[in-house]
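So that the names make sense, note that chain A is the first sequence line, chain B the second, and so on, each numbered from 1.
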2 protein chains.
Amino acid sequence: MATIKDVAKLAGVSVSTASVALRGKGPVSEATRRRVIEAARALDYQPNAIARSLVTRRTRTVGLLLSDLTDPYFHEIAKGVEAVLSRAGYALILADTDRSPEKELRAYEIFRSQQVAGMILAGSGTEDEAHFEQLEKRDVPIVTLGRHRSGLPCVAVDNVQAAKTAAQHLIETGCRRIGLIAGPPGLLAAEERREGYLAALAEHGLSPDPRWMLVGDFTPAGGYRAAMELFTARGLDRHDRPDGLVAGNDQMAIGALKALRELGIRVPEEIAVVGIGGIPTGEYVEPPLTTVALPLKTMGEAAAQMLLCRIERGGGSLPEQHEEHIWLETTLLVRSSTRARSAR
Amino acid sequence: MATIKDVAKLAGVSVSTASVALRGKGPVSEATRRRVIEAARALDYQPNAIARSLVTRRTRTVGLLLSDLTDPYFHEIAKGVEAVLSRAGYALILADTDRSPEKELRAYEIFRSQQVAGMILAGSGTEDEAHFEQLEKRDVPIVTLGRHRSGLPCVAVDNVQAAKTAAQHLIETGCRRIGLIAGPPGLLAAEERREGYLAALAEHGLSPDPRWMLVGDFTPAGGYRAAMELFTARGLDRHDRPDGLVAGNDQMAIGALKALRELGIRVPEEIAVVGIGGIPTGEYVEPPLTTVALPLKTMGEAAAQMLLCRIERGGGSLPEQHEEHIWLETTLLVRSSTRARSAR
DNA sequence: ATGAAAGCGCTAACAT
DNA sequence: ATGTTAGCGCTTTCAT
């Protein structure tokens, strides 16, 4: 690999002149600038970001921490993050915690040692965000996605409202006995969505039967198991059964749909199902899934953008100028897993 | 951030002694070693990988280049890569090319300037792999996933065989008029799968009707459009229609399944459908998708492992010791989108 | 066993 | 406008 020294030598200038010329900042005669650029091209010179970072004390890398690379929730988010970052010339260091504290710690250490300019924390993570908040204090800006309780800057959606919208849609289309497959306890999004579900029911004077409330793990398999249990293991007779079901996320809704098909329970006629998330797959299952769509790509872009702002503003651990929380809107996507409005 | 200097001072030793003690290599008295470690912990010291890399001239980062972060094909692959890399203490720099040459070039430059220790190239990329092969020559090991024509070390599956297996399965379960939704022309995997499809038919003395051969873009929407065209725009009467369909990947198969449902064409009774890929979603569509599953996670792990080998062997641009190509097996996963064997 | 000194590739004062 | 010098945080000879 050619170094700036090689470039300088070939161009017949000093290293510092080469440095200045290459970056276009500072005073250089047009002639030498040209010579240096030319030399750089001839040598296929690529600046060594490592060396540069060491002296400038800032890198152009950001760490993205997420809890499961195979969870569709993260795919568009990651895509959005990557797009914004790479356009800005930043490198994205990705770490998957697999929801394991050890892996999270390892990721944290890698990020630190790599001197990331900032980090994006997506998904649950450990309850214990202590290390991260500490980092924030040391001038490593952090933006979280969905962890709005953490005291860290955050891009999020109103999960309570999202679940409320889901349940309301069910109510408006005629459901009265509405069940829930909640996400894993302890996960903020799951708790909030449960809350929204309860609130919507309460607002309409509907009381949720505890037998209709299940817990899944945000995976399709979890949704499948929950729905199976709901309809086979809970001793519900024909009129005790729910006629509507809110799933804590699309993944579980999709699993539930499969269980219902296997049980010969018609959707939406016998039970309407609504998910939360808006992942692309929802369109391709049977019936196509009605869902409260989260602006996933936008969430990723916004988080990256916000982080970039904070990084480039510099030393921004106490910024008042910009909002610390961005709330994005969700949208109800009505497909066929719920009844048409007119069927009310 | 504490530096090694701070640690040395606190421990009352020289920087070089601290360095040696911290890494456990070289001669240090047990007593000072302990003192240094203690000081490091007290200061929450984390070695600066940037500085270290500058002097050792090697980083512990590897670049992963893929063509679309939202394509399920990559999810388990990326997960496998990440797992192996992070376990080995490497940072993963991710870049999404979006199948755009400019973005690919940008990624290439970022990887280079970050001095990645190696790279994994997954997915199509530009035809022009020139830059990358050049890098390889400069001692930046590269492993490709599925680009086995490139002359670069590679982890791959036999796509010809995979498609052959798919078509054979259809034939064995009684299909005789077998169509194909091929992937994008120019994409190696797509071409090879087409080839396998043709070979299987030929071996059984079946001649493919050109009207049954469509092209999609590896997305569900593409598969949907292709299936719609096959059954509505090609003027096929009842007995001209295919009774079996090979899709170039699971994504397109899933899209096709949706189209068939909308058209009221029963699967597998009227037409059996088989995909290639084995993505998790296949299990949750209706009917569950029969597919030739690729060992995606293993592919990612193997590629990362192979890269690590080459990195740590050092200067390995001409290695004979290890295989340059790893071929992984595919497995037919029979679900309900094809007829049961007994129905032959 | 420990420390002093040099230097990785680059940028940033500071001369000239 | 250009060059000289110093130094980022660390590892690595080489003395001691």
Participant: Where along residues 25-37 of chain A does a heavy atom come under 4.0 Å from DNA chain D, residue by residue in number order?
Facilitator: A:P27, A:V28, A:S29, A:T32
Participant: Examine the side chains of B:S29 and B:T32 and answer whether a donor and an acceptor come within less than 3.5 Å of each other.
Facilitator: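 Yes - a donor-acceptor pair under 3.5 Å links their side chains.
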Participant: Taking A:K103 for its side chain and A:D96 for its backbone only, find out whether a donor-acceptor pair lies under 3.5 Å.
Facilitator: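 Side chain of A:K103 to backbone of A:D96, a donor-acceptor pair under 3.5 Å: yes, one is there.
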Participant: Could you encode protein contacts along nucleotides 3-10 of chain D as a string, one character per nucleotide from 5' to 3', using B for base contact, S for sugar-phosphate-only contact and - for no contact, with a heavy-atom cut-off of under 4.0 Å?
Facilitator: BB--BBBB
Participant: If we count only N and O atoms by modelled type, under 3.5 Å, do the side chains of A:T17 and A:S14 hold a donor and an acceptor together?
Facilitator: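 Side chains of A:T17 and A:S14: pair found under 3.5 Å.
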Participant: Take A:E38 and A:R35 through the salt bridge (Lys or Arg N to Asp or Glu O under 4.0 Å) test and state the conclusion after the steps.
Facilitator: CA-CA 5 Å; A:E38 185 43 51; A:R35 280 214 321 287; over 6 Å; no
Participant: Determine yes or no for a side-chain-to-main-chain donor-acceptor pair under 3.5 angstrom, with A:T59 supplying the side chain and A:Q115 the backbone.
Facilitator: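 Checked: pair present.
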Participant: Is there a donor-acceptor contact under 3.5 Å from the side chain of A:R99 to the main chain of A:D68?
Facilitator: no
Participant: Out of B:D71, B:D98, B:T70, which residue meets the side chain to side chain donor-acceptor pair (under 3.5 Å) rule with A:K79?
Facilitator: B:D98
Participant: Say whether, by atom type as modelled, one donor and one acceptor occur between the side chain of A:R147 and the main chain of A:C154 under 3.5 angstrom.
Facilitator: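 Flag not set: sc A:R147 to bb A:C154 has no pair under 3.5 Å.
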Participant: Detail all sub-3.5 Å separations between protein N/O atoms and N/O atoms belonging to nucleotides 14-16 of chain D.
Facilitator:
none

Participant: Are a donor atom and an acceptor atom from the side chains of B:S53 and B:R58 found within less than 3.5 Å of each other?
Facilitator: no
Participant: When you measure from the side chain of A:E82 to the backbone of B:A95, do you find a donor-acceptor pair of N or O atoms at a distance under 3.5 Å?
Facilitator: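 Judged by distance alone, no pair lies under 3.5 Å.
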Participant: Using atom CZ of B:R60 as one end and atom C1' of D:dT11 as the other, report the distance to the nearest whole Å.
Facilitator: 15 Å
